[in-house]
2 protein chains.
Amino acid sequence: MLNEAINLDSSPGAGGEPERRVRDRGATERAILAAAKGLLAEEGFQNFGINAVARRAGCDKQLIYRYYGGLDGLVEAIGADLGTWVRDRIPEDAGGMFLLTYGDLMERLALLLLDALRNDPLMRRILAWEVSENTEQVRRLSEARSKALALWLDRMRGSLAPPKGVDAAAVNAVVIAAIQHLVLAGSAGGQCAGLSLKTSKDWEKAATALKRLVRGVYG
Amino acid sequence: MLNEAINLDSSPGAGGEPERRVRDRGATERAILAAAKGLLAEEGFQNFGINAVARRAGCDKQLIYRYYGGLDGLVEAIGADLGTWVRDRIPEDAGGMFLLTYGDLMERLALLLLDALRNDPLMRRILAWEVSENTEQVRRLSEARSKALALWLDRMRGSLAPPKGVDAAAVNAVVIAAIQHLVLAGSAGGQCAGLSLKTSKDWEKAATALKRLVRGVYG
DNA sequence: CCCGCTATTCACCGATTGGTGACAGCGGGG
DNA sequence: CCCCGCTGTCACCAATCGGTGAATAGCGGG
């Protein structure tokens, strides 16, 4: 039989390379989720599908249907997983620290967010997905990401109140928009509006400009 | 024969709905290009392919290969077509007008770009495509769009020099990044970083914040 | 008038997609 | 002990994709 030959190859006596998988639903579920996240982070949402995930997870796609109820459920699981993003990126000494003014705070937050996004391919891919499609899938994921971001900002902001006379919510949204697009454009094309975004020197320039803009509003 | 029945349906005597197409290569080429631009603008780059374009253009995909050398050439043609974008969006009384300061100019430019992008679905889709993929196709298109934008800015800016002491190129890039992401996020999800971007009132808020940021830097 | 050139369509290819039903094999509870 | 259930695999489906070679249909010049 063909099966015999295969079993022979993967028998303990042989190289043992295939590492016969044990029956463990939990582990398989974790492997699938990890495969999905890794695939999305590395390849983007373009070729993100049942087949690709199953291939990367090394299991049959049927299991994705069984354990997650299809791609939708899997995407939802990724979204739920974004909650950990906040936990992982809040320094112990969070909150107001010794930042006195709202301007100090927002400048710091902007730079932190810039770096955080630059080092988080999964978040970037999700962000790009959000602005490219408007399916229910993406909407759910978008909501999870948005919520995680809001929570992060809340935790980091502490209880410092914004100055009066400025629509801080709108200004901050515009600043965040700038950060997100800079990271996306830089990551995808290496530049934005003629500004190169490759070397760390390039990014310093962008960061400086960003600081100037924030400082210009919040002093 | 089946053909007979079909011919009967589309014969001059009938409704004439199919509108028998005349043999005209030029017209067909234009129809294909228009179909491609329309499809990209309306459906996005996700399902943008040879088959879809041919279906929309109402001709065989073979013609796309013959006349444009495949999707790549067609995309290139779209890129070349972006040159008209500049022509169409430069007011007769372009240039410095009666804007005295660099701040006046940049504020006006920012708001104009915001509106221009909000009303240009094709440009938005291309923008979203740029930050989502990094294939040769997209790179070419991106370059064309980038060039068009730079040209537009040049024409509008006139010969007004930026103030010393600020990295105007970097600051402007960040501002443009903000505008582009606001438009993308608003168009796709109706919000950005908690700021709703649906009603014209919402957009006024965003525009005000944008103005404040520009003014904060350029005075 | 007819013939040739060219615009256009048709028919097919292999690959890949999302999705489903049937089967295999191990393991624990009766 | 055997049998049922759960985990995992395989084979197959229709649809669509990009791509190509050959056949068809109509206009224009001789």
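Here is how names work: the chains are called A, B, and so on, in the same order as the sequence lines, proteins then strands, and each is numbered from 1.
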J.: For the residue pair Ser196(B) / Gln191(B), report whether a side-chain donor-acceptor contact shorter than 3.5 Å exists.
T.: no
J.: Residues in side chain to side chain contact (heavy atoms under 4.5 Å, CB included) with Asp167(B), at least two apart?
T.: Lys205(A), Ala169(B), Ala170(B)
J.: Quick one, which residues of residues 63-71 of chain B touch DNA chain C with a heavy atom under 4.0 Å?
T.: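 Correct list: Leu63(B), Arg66(B), Tyr67(B).
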J.: Looking at the side chain of Lys61(A), which of dG18(C), dA25(D), dT8(C) is the nearest nucleotide?
T.: dG18(C)
J.: Whole angstroms only, please: what is the CG-P distance between Asp24(A) and dG8(D)?
T.: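 The distance from CG of Asp24(A) to P of dG8(D) comes to 7 Å, rounded to the nearest Å.
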J.: Which residues satisfy the salt bridge (Lys or Arg N to Asp or Glu O under 4.0 Å) test with Arg89(A), sequence neighbours excluded?
T.: Asp120(A)
J.: Can you give the donor-acceptor pairs under 3.5 Å from side chains of residues 67-74 of chain B to other protein atoms, not counting sequence neighbours?
T.:
from: Tyr68(B); atom 1: OH; to: Glu29(B); atom 2: O; distance (Å): 2.8
from: Asp72(B); atom 1: OD1; to: Gln137(B); atom 2: NE2; distance (Å): 2.8

J.: Under the side chain to side chain donor-acceptor pair (under 3.5 Å) rule, what pairs show up with a residue in residues 169-186 of chain B, not counting sequence neighbours?
T.: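 The answer is Gln180(A)-His181(B), His181(A)-Gln180(B), Tyr102(B)-Asn172(B), Asn172(B)-Tyr218(B).
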J.: By nearest atom, which of the nucleotides dG8(D), dT20(C), dT20(D) is closest to the Gln62(A) side chain?
T.: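 Within the option list, the nearest is dT20(C).
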J.: Holding to salt bridge (Lys or Arg N to Asp or Glu O under 4.0 Å), I want the full list of residues that pass it with Glu43(A), two or more places apart in sequence or in another chain.
T.: none
J.: According to ring-ring contact (aromatic ring centres under 6.0 Å, His included), who are the partners of Phe45(A), at least two apart in sequence or on a separate chain?
T.: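 Phe45(A) satisfies ring-ring contact (aromatic ring centres under 6.0 Å, His included) with Trp129(A) once adjacent residues are dropped.
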J.: Within residues 33-54 of chain B, which residues have any heavy atom lying less than 4.0 Å from an atom of DNA chain D?
T.: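 Under 4.0 Å from DNA chain D: Gly49(B), Ile50(B), Asn51(B).
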J.: Mind checking what makes side-chain hydrogen bond (donor to acceptor under 3.5 Å, both in side chains) contact with Thr199(B), not counting sequence neighbours?
T.: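 Partners of Thr199(B) under the side-chain hydrogen bond (donor to acceptor under 3.5 Å, both in side chains) test: Asp202(B).
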J.: Note down the inter-axis angle between the two ends of the helix from dC1(C)-dG30(D) to dG30(C)-dC1(D), five pairs each, to the nearest 10°.
T.: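 Here the helix ends are tilted 30° relative to one another.
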J.: Taking only residues two or more places apart in sequence or in another chain, which ones pass salt bridge (Lys or Arg N to Asp or Glu O under 4.0 Å) with Arg124(B)?
T.: none
J.: Let's see if you can work this out: which of dT9(D), dA7(C), dT9(C) has an atom nearest to the side-chain heavy atoms of Arg25(B)?
T.: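 Of the candidates, dA7(C) comes closest.
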J.: Which residues pass the salt bridge (Lys or Arg N to Asp or Glu O under 4.0 Å) test with Lys211(B), not counting sequence neighbours?
T.: none
